[in-house]
Amino acid sequence: MRGRKVMIKVEKLVYGGKGLGSLNDKKCFIPYVIPDEIVEVEIKKEKKNFAECSLKNILKKSPYRVEPPCKYFTYCGGCDYLHIQYDKQLELKKEILIETLNRIGKLNVNDINEVIPSENQFFYRNRAQFKIWGEKVGFFKKESNEVINIDSCLIVNEDINLTLSGIKEILKYLKFQPIEAHVFSTSLGEKTVKLIFPRKQKRFPLGLKHLRAFLGKNLKGVGIFHLSKKGHEKDLILGNGFAYEQVLDYKFRVSINSFFQINRYQIKNLISVVEENLSNQKYNRGLDLFSGVGTLTIPAGKYVEKIVGLESNPYAVQDGNHNKKINGRKNIEFLRADVKDSAKLISEIDPDLMIIDPPRTGIPDNIINKIKDLNSLKKIIYVSCDPSTLARDLKLLREKFEISKIYMIDMFPQTYHIETVVILSK
C-alpha cells in the first residue's frame, strides 16, 4: 500500500543506481543504499511484482557508507554513489556488469580482465549540460523535470564551475532566456559554451568580448542554437566554434556540437586499451563505427593500413577530417553516414578490424547481422556505455566471435554508469 513504511534488507545494487530488496514476494527498489544495509523505507509506487520506495532511515549502516560531500546529493539527479567509498563503488559496478552480461547475454562471464579506476573521482567531467528555468541554473531533480539551482558541482572540472556563475550573470542581460547551457572545457585551457533557446534567435545582445568578461578569458567561442524537430539547429557562432584537447600524443579539435569522452583522466586509458589490443597484429582495412571526432580512429591508424570512420554528426565528421591532418594520419578517412543505413558500405569496405562505440541503444540489429557475415573480420573492439545493450549485442556476436578480454573503465565515478571495452576475435 502506498505510503506504508516497512523494514527491508538490501540484497544488492542493480544497474540504474538503486538497491534491491524483498517484501514478501515483491521486489523493492530503493535509492541511496548499500548491500547488506537494513533500512526503513516508504512505499511510493506499488505494482503487481515490484514497488518503488524512498529511503527514510538506515537501521543497520554499511561500513562502506561515507558522508556525501555534496549538499545537493539526493536532490540533484547527477550522482548516485556519493554515499559509497570509491573502492566499493568499483566493486559494486563490477558485480553489476558481470551479472548483467550473464543474465541478458548468457555469457558465463566469471571475472573482468581489468578494472581501471579514475585517477580523480571528483572534478573529472570536461563537459556539463546545465538546465535553465528562470533564475535557476543547474540539473534536473532525480526522476523529475524540476531544475535544482546549484552553485557548483563536485564532478565537473573547476573551470566549468567558474563558468556556471558567469552563466547566471549573463541571463540578466537577455530578453529571451535559453533553456540549456552546454560547457566544454579542455586540459589545454580552452572552452566553448553552447546556449540552446526554445526558438530561433536572429541576433544575440552580447559580443564575445562581453561574454569573456563573464565566462572567462579562455572562452574560444559561443554557439547560439534553438530547438527544432531536427534537434539543435545553429543560429550563430560567436568566435571559434571549437576547442582543442590534447590526450597523450594526440590532439583533437572538438566542435561545440560534437561529442568527446567525458572523463578527462580516463580518455588516455581508453586509448591505451585500444592500442594495447592492436599492437600485436597488422590490419589492412579498419572501420570505426560511431567514430565521433576520431578519438579512437586516429590512435588506431598507427596499426591499420587504412581505416574509415563512420559518423552521422556532420560537425564531428569535419572535426575528424581536421584531426587526421593535425595528427599526420593520411591513411584515415571520415565519412558522414548513419550507421544503421550503412550495411552496404560496410560490405564494400570489408574490414578485418572494427571499432564500435555506439550510443546507449547499442548496435542496430541489421548491422550486427552484417558484422556476422564479414568473413575478413578478425577483431572487434566494442566500447559500451550501457551493460544491458552490450550484453544483448554480445549474445549475438558470440555466434561468430570469441570474447577474449573485458575491461571496465570507470568513466563516471559517483554515478551508476559503467563503461566497458570488450575485445572479440575469431
Counting heavy atoms not belonging to [X], are there more than 12 under 6.0 Å from its [atom1]?
| X | atom1 | result |
| --- | --- | --- |
| R336 | CZ | no |
| D338 | CG | yes |
| N375 | CG | no |
| Y265 | OH | yes |

Where is the tightest heavy-atom contact between [X] and [Y], given as atom of each residue plus distance?
| X | Y | value |
| --- | --- | --- |
| Y283 | N277 | OH-O, 4.1 Å |
| N263 | M411 | ND2-O, 3.2 Å |
| F290 | D357 | CB-O, 3.2 Å |
| L164 | I150 | CD2-O, 3.6 Å |
| R212 | L219 | NE-O, 2.8 Å |
| N313 | N257 | ND2-O, 2.8 Å |

Quiz item: Q318 and S255: side-chain donor and acceptor closer than 3.5 Å?
Solution: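 Looking only at side-chain atoms, S255 and Q318 do not form any donor-acceptor pair under 3.5 Å.
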
Quiz item: Does one side chain, of Y407 or E276, offer a donor that lies under 3.5 Å from an acceptor on the other?
Solution: yes

Self-check item: Working for side chain to side chain donor-acceptor pair (under 3.5 Å), residues D350 and S376
Solution: CA-CA 7 Å; D350 191 25; S376 299; 3.0 Å; yes

Practice problem: Would you mind reporting whether P205 and L174 have side-chain heavy atoms less than 4.5 Å apart? | Solution: yes

Quiz item: Heavy-atom distance under 4.5 Å between the side chains of R398 and I403, does that happen here?
Solution: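 Yes. Closest side-chain heavy atoms under 4.5 Å.
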
Quiz prompt | Option from C79, P68, S118 for which side chain to side chain contact (heavy atoms under 4.5 Å, CB included) with Q414 holds | solution = C79

Measure from the side-chain N and O atoms of [X] to the backbone N and O of [Y], and report whether any donor-acceptor pair falls under 3.5 Å.
| X | Y | result |
| --- | --- | --- |
| N126 | I262 | yes |
| R329 | N331 | no |
| N323 | G294 | no |

Practice problem: Test N145 against W133 for side-chain contact (heavy atoms from CB on, under 4.5 Å), laying out the working first. | Solution: CA-CA 10 Å; N145 287 331; W133 184 260; over 6 Å; no

Lys/Arg N to Asp/Glu carboxylate O, [X] vs [Y], below 4.0 Å:
| X | Y | value |
| --- | --- | --- |
| K282 | E305 | no |
| K426 | E399 | no |
| D235 | R203 | no |
| K142 | D80 | yes |
| K306 | E333 | yes |
| K44 | E52 | no |
| K12 | E95 | no |
| E402 | K379 | no |
| E135 | K168 | no |
| R253 | D319 | yes |
| E91 | K88 | yes |

Practice problem: Step by step, work out the side chain to side chain donor-acceptor pair (under 3.5 Å) result for E419 and H417. | Solution: CA-CA 7 Å; E419 188 92 356; H417 298 289; over 6 Å; no

Using the ring of [Y] (Phe, Tyr or Trp, six-membered ring only), decide whether [X] places NZ or CZ under 6.0 Å from its centre and within 45 degrees of its axis.
| X | Y | value |
| --- | --- | --- |
| K194 | F225 | yes |
| R199 | F176 | yes |
| K251 | Y244 | yes |

So how far is it from [X] [atom1] to [Y] [atom2], rounded to the nearest 0.5 Å?
| X | Y | atom1 | atom2 | answer |
| --- | --- | --- | --- | --- |
| Y315 | K234 | OH | NZ | 4.5 Å |
| S312 | D341 | OG | CG | 10.0 Å |
| Y64 | L92 | OH | CG | 9.0 Å |
| I160 | S185 | CD1 | OG | 5.5 Å |
| K370 | L345 | NZ | CG | 11.0 Å |
| L13 | Q89 | CG | CD | 10.0 Å |

Quiz item: Given Y382 and T420, is the side-chain contact (heavy atoms from CB on, under 4.5 Å) satisfied, shown in steps?
Solution: CA-CA 8 Å; Y382 189 156; T420 314; over 6 Å; no

Practice problem: Could you check V304 against N284 for side-chain contact (heavy atoms from CB on, under 4.5 Å), going step by step and ending with a plain yes or no? | Solution: CA-CA 6 Å; V304 188; N284 296 315; over 6 Å; no

Exercise. Decide side chain to side chain donor-acceptor pair (under 3.5 Å) for D159 and N218; before the verdict, give the C-alpha distance in whole Å, the side-chain angles of both, and the deciding distance to 0.1 Å.
Key: CA-CA 9 Å; D159 185 38; N218 62 338; 3.0 Å; yes

